[in-house]
Amino acid sequence: MGRLVVIQGATAAGKSAVAVSLATHYACPVVSCDSRQFYREMTIGTAVPSVDEQQAVAHYFIQDRSINEPLTAGAYEIEALALLDKLFAHHSTVILVGGSGLYADALVYGLDPLPTSEVIRAELNSIYERQGLAPLVEALRMADPVHYSLVDRQNPLRVIRALEVCRASGMPYSNLRTARHATRPFEVVRLAIDMPRQELYNRINGRVDQMIEQGLEDEVRSLIPYRDLSPLRTVGYSEFFDYFDGKISHDTAIDKIKQNTRNYAKRQLTWLRREGDLRYFAPHAVDEIIAWMSSINYGNI
RNA sequence: GGUGCCAUAGCUCAGAUGGUAGAGCAACGGACUGAAAAUCCGUGUGUCCCUAGUUCGAUUCUUGGUGGCACCA
């Protein structure tokens, strides 16, 4: 049975470099679970692996599609599972790396097979825009009292998604949620890259400055026609759109990118904390990671 | 050098005729099963510049410092 090594951690923590080092050591490929590095139109602002890194080891799910075809977590689960099937035919180890916790969990634990409906969601969104959240919350109370009592009723995305599932399936959302972990045809080893908060924030600030030097502003400007697509709701892009709109100054935009990236990193860390026994390593501790991996037995996910 | 004004949270500031203080932003904590770099929720974290007085009690009033700003030299 193959072994999937999952490398997580906050943005700018140095996950990609660790992944390349490990992949070189195990002579294995790297699969990304970064929801913004999927898109070929976004390069500078998403800090995709460098050309050198991509030539050193095979990378998958890196800039392999267009922002016109967004990849949802559910679709990612299916595509990535199919890919792993092929990769494990030739490799005993595959590395999964990326900052999108939901996507990593979709692949590792699986999502319940819930329906989606663009049409229903569009209807719900239009109600939300015209009448606000209250009627949607009330509709959810009628359609699924159980989930109504559990859901964050102030969060439009949660309420709308739950209603979307109810209407598309004809069943209460809560009936379809099992919270069961899927069984996978591979073992999973999870670890995370971490460092002191201040150090992480310094790296983030420095990386944003680098992105500016590399021409992030021009990259974002070239994407103005696509600004409403969901992949462009992204730190580093939204702020420049605000600047182009004259809402904020250039300097403010850059400061906001740094701040919003720090906030994003904090949310990633919060997400990872619920993975109680996650093993943390420093970004340069590749030898330590290799030693740790050879010391653990398969089977304890 | 003189005169005036100012000094309160990480930042910008408000405030109490004397009873140890509060806004915005930041920060921190959390939620999150198909928008997830998204979306949403919660929390004041403080030698009220220092000093000596007055007072039952001083961050608030008074004295003397220190630092900043403005104007005059």
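Throughout, protein chains are lettered first and strands after them, A, B, ... in sequence-line order, and every chain is numbered starting at 1.
For the pair A:Arg267 and A:Trp271, the cation-pi criterion (under 6.0 Å, within 45° of the ring axis) is not fulfilled. Cation-pi geometry between A:Arg227 and A:Phe244 is not satisfied (NZ or CZ under 6.0 Å from the ring centre, within 45° of the ring normal).
The side chain of A:Asp112 lies closest to B:rU33, out of B:rU33, B:rA36, B:rA35. Nearest to the side chain of A:Pro156, among B:rC40, B:rC32, B:rA35, sits B:rC40. For A:Arg262, the listed nucleotide lying nearest its side chain is B:rA27; candidates were B:rA35, B:rA27, B:rU33. Distance from the side chain of A:Asn155 is smallest for B:rU39 among the nucleotides B:rA27, B:rA36, B:rU39. The nucleotide whose nearest atom lies closest to any side-chain atom of A:Asp152 is, among B:rC40, B:rG34, B:rC28, B:rC40. Side-chain proximity of A:Arg121 to the nucleotides B:rU33, B:rA35, B:rU39 is greatest for B:rA35. You'll find that the side chain of A:Leu114 is closest to B:rU33, out of B:rA36, B:rA38, B:rU33. Closest approach to the A:Arg197 side chain among B:rC40, B:rA36, B:rC28 is made by B:rC28 (side chain taken as heavy atoms from C-beta onward).
Taking atom P in both B:rU60 and B:rC48, the straight-line distance is 10 Å, to the nearest Å. Using atom P as the reference point in both B:rC11 and B:rA31, the two lie 31 Å apart (nearest Å). Remark: the separation of the C1' atoms in B:rG53 and B:rG68 is 26 Å, to the nearest Å. Rounded to the nearest Å, the gap between the C1' atom of B:rU20 and that of B:rG44 is 15 Å. Spacing between B:rA9 and B:rA14 at atom P, rounded to whole Å, works out to 12 Å. On the P atoms, B:rG2 is 42 Å away from B:rA23, given to the nearest whole Å. B:rG65 and B:rA52 have their P atoms separated by 15 Å, with the value rounded to a whole Å. Here the separation of B:rC72 from B:rU54, taken at their P atoms, is 41 Å to the nearest Å.
Using a 4.0 Å heavy-atom criterion, one finds that A:Gln259 contacts the sugar-phosphate atoms exclusively. Residue A:Gly99 is classed as a sugar-phosphate contact, given heavy-atom separations below 4.0 Å to backbone atoms only. A:Thr116 comes within contact range of at least one nucleobase, with a heavy-atom separation under 4.0 Å. Heavy atoms of A:Tyr237 sit nowhere under 4.0 angstrom from any nucleic acid atom. Counting any heavy atom pair closer than 4.0 Å across all strands shown, A:Lys256 reaches sugar-phosphate atoms only and no base atom. Note on A:Asp34: a base of the nucleic acid sits closer than 4.0 angstrom, heavy atoms only. Contact annotation for A:Asn125: base contact, defined as any heavy-atom pair under 4.0 Å involving a base atom. Heavy atoms of A:Thr46 sit under 4.0 angstrom from at least one base atom.
With respect to the salt-bridge test (charged N to carboxylate O, under 4.0 angstrom), the residues A:Asp144 and A:Arg177 do not qualify. Between A:Glu138 and A:Arg141 a salt bridge is recorded (basic side-chain N to carboxylate O distance below 4.0 Å). Using a 4.0 Å cut-off between charged nitrogen and carboxylate oxygen, A:Asp209 and A:Lys258 count as a salt-bridge pair.
The distance from atom CD of A:Gln268 to atom C1' of B:rC28 is 17 Å, rounded to the nearest whole Å. Distance CG (A:Leu229) to P (B:rA38): 16 Å, rounded to an integer number of Å. In this entry the distance linking CG of A:Leu157 with C1' of B:rA35 reads 6 Å, nearest Å. Rounded to whole Å, atom P of B:rA36 lies 17 Å from atom CG of A:Leu272. Atom-to-atom, CD1 of A:Ile120 to P of B:rG34 comes out at 15 Å; the value is rounded to the nearest Å. To the nearest angstrom, P of B:rA35 lies 17 Å from CG of A:Asn68. In this structure, A:Arg267 atom CZ and B:rA38 atom C1' are separated by 8 Å, rounded to whole Å. Taking atom CZ of A:Arg233 as the reference point, atom C1' of B:rU39 lies 9 Å away to the nearest angstrom.
Side-chain contact between A:Val30 and A:Gln54: absent, with no pair of heavy atoms (C-beta onward) separated by less than 4.5 Å. Side-chain contact between A:Leu269 and A:Arg197: present, with at least one pair of heavy atoms (C-beta onward) separated by less than 4.5 Å.
Regarding contacts with the backbone of B:rG29, a side-chain N or O of A:Lys266 is found under 4.0 angstrom from either OP1 or OP2. The phosphate of B:rA36 has OP1 or OP2 within less than 4.0 Å of a side-chain N or O from A:Arg36. OP1 or OP2 of B:rG34 lies within a sub-4.0 Å distance of a side-chain N or O belonging to A:Tyr173. OP1 and OP2 of B:rG34 both lie 4.0 Å or more from every side-chain N or O belonging to A:Tyr76. Remark: A:Arg274 is in phosphate contact with B:rC32, judged by side-chain N or O atoms under 4.0 Å from OP1 or OP2. An OP1 or OP2 oxygen of B:rG34 is reached within less than 4.0 angstrom by a side-chain nitrogen or oxygen of A:Arg161.
B:rC5 is paired with B:rG68 under the criterion used here, namely a Watson-Crick or G-U wobble arrangement in which both key atom distances are under 3.5 Å. Pairing for B:rU55 is absent, with no Watson-Crick or G-U wobble pair whose two atom distances lie under 3.5 Å. Remark: B:rG42 base-pairs with B:rC28. Criterion, Watson-Crick or G-U wobble with two distances under 3.5 Å. Both distances falling under 3.5 Å, in either a Watson-Crick or a G-U wobble arrangement, occur for no nucleotide opposite B:rA73. The partner of B:rG34 cannot be assigned: no Watson-Crick or G-U wobble pair with both contacts below 3.5 Å exists in any strand. Across all strands shown, the partner of B:rA23 is B:rU12, judged by Watson-Crick or G-U wobble contacts whose two distances both fall under 3.5 Å.
For B:rA38, the base has a donor-acceptor partner in the side chain of A:Arg158 [N/O atoms by modelled type, under 3.5 angstrom].
Along RNA chain B, the nucleotide nearest A:Arg177 and the nucleotide nearest A:Tyr39 are compared for position; the residue whose nucleotide lies closer to the 5' end is A:Arg177.
Ring-centre distance between A:Phe38 and A:Tyr103: below the 6.0 Å cut-off.
For B:rG24, the O4'-C1' to base torsion is more than 90° from 0; the nucleotide is therefore anti.
Applying the side-chain hydrogen bond (donor to acceptor under 3.5 Å, both in side chains) test between A:Thr11 and each of A:Arg207, A:Arg262, A:Arg203 identifies A:Arg207 as the sole match.
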